[in-house]
Number of protein chains: 2
Amino acid sequence: MSPDDYAISHHSNAHALVHADEALAQHLPFSGLSDQQRTDILDQATVKRISLNDTCFSEGDEARNFYVLLDGALKIYRSTDDGEQVVIIHISPGQMFGIARAYADDTYQMTANAVCDGLALSWSSENWDRFMRDYPEFERAARKAIGERRDEMSDKIVDMATLQVEQRIAKAILRLTKRYGKTVEGGIEIGFPITRQDISEMTGTTLHSVSRYMSKWQKAGIVRSSRRRVIVERPEALPI
Amino acid sequence: MSPDDYAISHHSNAHALVHADEALAQHLPFSGLSDQQRTDILDQATVKRISLNDTCFSEGDEARNFYVLLDGALKIYRSTDDGEQVVIIHISPGQMFGIARAYADDTYQMTANAVCDGLALSWSSENWDRFMRDYPEFERAARKAIGERRDEMSDKIVDMATLQVEQRIAKAILRLTKRYGKTVEGGIEIGFPITRQDISEMTGTTLHSVSRYMSKWQKAGIVRSSRRRVIVERPEALPI
DNA sequence: CGCCGACTTGATAACCTTCAAGCTCCGTGG
DNA sequence: CCACGGAGCTTGAAGGTTATCAAGTCGGCG
């Protein structure tokens with residue numbers, strides 16, 4: 001259920017694992033740090049291998065750790081009393097998540113769920129204040145993270161308040177191809193398995209409506225989709 | 001259009017103005033500070049008198065100042081391409097707002113508009129990093145502020161994704177009475193003038209729907225409302 | 001007094017959910 | 001290997017919710 005933790009005792013170890021991910025250098029939390037600082041930070045990191053459907057943390061859990069996603073994708077959602085899930089944001093590589101401390105929270109307010117296999121670094125929340133104080137670039141990355149969340153959430157509020165279901169679905173799919181898109185022959189594919197139900201939980205509608213509109217777009221040659229896969233062939237043709 | 005600024009040259013001045021508001025002592029940004037620190041902070045503050053409909057800042061403006069609301073109420077909204085307003089959150093006394101720096105932004109992402117007369121303190125954004133470093137309680141207040149915003153926004157997303165219009169309106173009104181309610185004979189009144197249109201902009205619906213449901217509730221003896229006024233008589237009878 | 005903003009209310013129709021049924025694909029166990 | 005079962009997907013029909021269109025009322029202010 002919960003992903004395995006691999007505590008890093010030797011920083012050579014951490015570096016080996018982490019340098020394997022060539023994207024690390026570009027990831028903001030690490031990009032502006034000195035080699036010494038980076039070493040310090042990685043020494044205290046735990047590498048988490050994340051598998052599809054893993055829950056990194058759940059709404060209400062004590063906020064023991066904060067994370068940086070290195071690879072993969074997560075959905076962050078809240079559950080309603082009657083078991084419905086409402087997806088609030090997604091996390092992509094390079095983003096911090098589980099940063100309850102940045103909000104003065106002791107517990108996580110949402111649930112984080114892996115939508116594909118991935119890799120993350122994690123630190124004990126006890127480190128938060130010290131990291132913020134000692135590593136300016138890390139602190140800046142935290143500000144950027146909460147700004148990105150706010151933007152993504154306020155976009156969603158505006159969309160739900162003003163757009164019809166078809167446009168909301170179109171926008172959600174477009175956004176996913178931009179953030180997680182992989183170029184394939186004849187289009188851009190969302191880079192992880194995603195169901196009609198998943199999309200409905202992102203847009204506040206039903207899986208039936210998602211299915212209907214995607215069928216319509218498929219007939220129009222705008223998207224191509226099958227079981228858990230979505231390929232956008234003509235992004236510009238999606239209804240806004 | 002824009003509220004007048006009253007620069008404070010003598011801290012005796014600032015203290016006089018500010019101690020007049022007996023609530024200040026409870027306001028988090030100031031509650032945990034030493035007298036010396038509070039004096040330092042107030043010395044650098046500008047007191048802004050805010051009048052109904054004043055715009056403190058607009059979406060896209062350079063983020064020159066950050067604020068603490070002492071009295072009154074603000075709506076924070078975004079405008080769509082076709083001129084619609086979508087209210088994202090409200091601000092009540094004691095809350096920080098305009099804290100773009102906390103999100104690593106150079107510009108304001110939303111517009112802040114006074115829904116009644118009020119009073120605020122403001123500081124130049126240049127002070128932000130120093131305040132965060134030197135005044136732990138102020139920093140804690142900032143974390144709390146962004147946490148409250150996130151909660152309010154994610155609540156709104158969940159509501160819009162799962163509730164019908166009637167319930168969303170009921171919830172919005174209930175929330176307003178809790179945050180801005182004034183006890184009057186026979187109920188709790190929302191403490192500032194508010195139109196059906198305002199409520200529709202908070203809930204992603206039309207003024208017509210708001211009017212219809214409020215008429216229905218009025219007939220049922222749950223609310224009493226007139227031009228720009230809303231009094232809730234039986235909060236527990238509102239449909240969730 | 002007259003205007004204008006705020007509010008109300010009916011009628012109509014569009015949009016979307018709900019209900020229902022059936023299909024396809026894939027993995028699994030006999 | 002094949003049958004079965006279930007998850008994911010599709011599509012029609014029906015009905016409810018909500019927006020839109022259209023009038024018209026109310027009340028305060030210049």
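Below, all heavy atoms of this structure are taken into account, side chains as well, without hydrogens, waters or symmetry copies. What you are looking at is a predicted structure, and each value in this text was computed from that prediction instead of being measured. Chain letters run A, B, ... following the sequence lines, proteins first, then strands; residues in each count from 1.
- Atom CE of M214(A) and atom C1' of dT11(D) are 15 Å apart (whole Å).
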Contacts under 3.5 angstrom, residues 228-240 of chain A side chains, donor-acceptor by atom type, not counting sequence neighbours:
| from | atom 1 | to | atom 2 | distance (Å) |
| --- | --- | --- | --- | --- |
| R229(A) | NE | E189(A) | OE2 | 2.9 |
| R229(A) | NH2 | E189(A) | OE1 | 2.9 |
| R229(A) | NH2 | E189(A) | OE2 | 3.3 |
| E233(A) | OE2 | R224(A) | NE | 2.7 |
| E233(A) | OE2 | R224(A) | NH2 | 3.3 |
| R234(A) | NH2 | A220(A) | O | 3.3 |

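- The CG-P distance, from N53(A) to dA7(D), rounds to 13 Å in whole Å.
- One end of the helix from dC1(C)-dG30(D) to dG30(C)-dC1(D) points its axis 20° away from the other end's axis, with each axis taken from 5 pairs and the angle rounded to 10°.
- For the segment residues 217-233 of chain A, residues with any heavy atom less than 4.0 angstrom from an atom of DNA chain C are, sorted by number, R227(A).
- Judged purely by atom type and a 3.5 angstrom limit, T203(B) uses its side chain to pair as donor or acceptor with the backbone of I199(B).
- With hydrogens and angles ignored, the 3.5 Å screen pairs no side-chain donor or acceptor of S211(A) with any backbone N or O of H208(A).
- Salt-bridge formation is not detected for the pair E152(A)/K156(A): no Lys NZ or Arg NE/NH1/NH2 atom is positioned less than 4.0 Å from an Asp or Glu carboxylate oxygen.
- Contacts of S211(A) with the nucleic acid, taken as non-hydrogen atoms under 4.0 Å apart, include base atoms.
- The CD atom of Q197(A) sits 18 Å away from the P atom of dG6(D) (whole-angstrom rounding).
- Within 6.0 Å of CG on D81(A) lie no more than 12 heavy atoms contributed by other residues, nucleotides or ligands.
- Taking 4.0 angstrom as the limit, R196(B) places a side-chain polar atom (N or O) nearer than this to OP1 or OP2 of dC7(C).
- Atom P of nucleotide dA6(C) and atom CD1 of I199(B) are separated by 13 Å, given to the nearest angstrom.
- For R179(B), the CZ atom is densely surrounded, since the number of other residues' heavy atoms within 6.0 Å is greater than 12.
- With rounding to whole Å, E201(A) atom CD is found 16 Å from dT17(C) atom C1'.
- Distance from the side chain of Q164(A) is smallest for dC15(C) among the nucleotides dT17(D), dC15(C), dT8(C).
- In terms of phosphate contacts, T206(A) brings no side-chain nitrogen or oxygen within less than 4.0 Å of OP1 or OP2 of dC16(C).
- dC9(D) atom C1' lies 14 Å from atom CD1 of I194(A), rounded to whole Å.
- Distance CG (L207(B)) to P (dC26(D)): 18 Å, rounded to an integer number of Å.
- A salt bridge links D105(B) to R150(A): one of the charged nitrogens lies within less than 4.0 Å of a carboxylate oxygen.
- Judged by distance alone, with hydrogens and angles left aside, the side-chain atoms of N113(A) form no donor-acceptor pair with the main-chain N or O of K75(A) at under 3.5 Å.
- The two residues A120(B) and I50(B) come nearest to each other via the heavy atoms CB-CD1, 3.7 Å.
- The residue S209(A) sits close to a base: some heavy atom pair falls under 4.0 Å.
- Within 3.5 Å, a donor on the side chain of R212(B) pairs with an acceptor on the base of dG10(C), or the reverse.
- Closest non-hydrogen pair, S79(B) versus E59(B), comes out as N-OE1, 3.3 Å.
- Between the side chain of H208(A) and the base of dT18(C) there is no donor-acceptor pair of N/O atoms closer than 3.5 Å.
- A straight line from CD of E84(B) to C1' of dA19(D) spans 12 Å, rounded to a whole angstrom.
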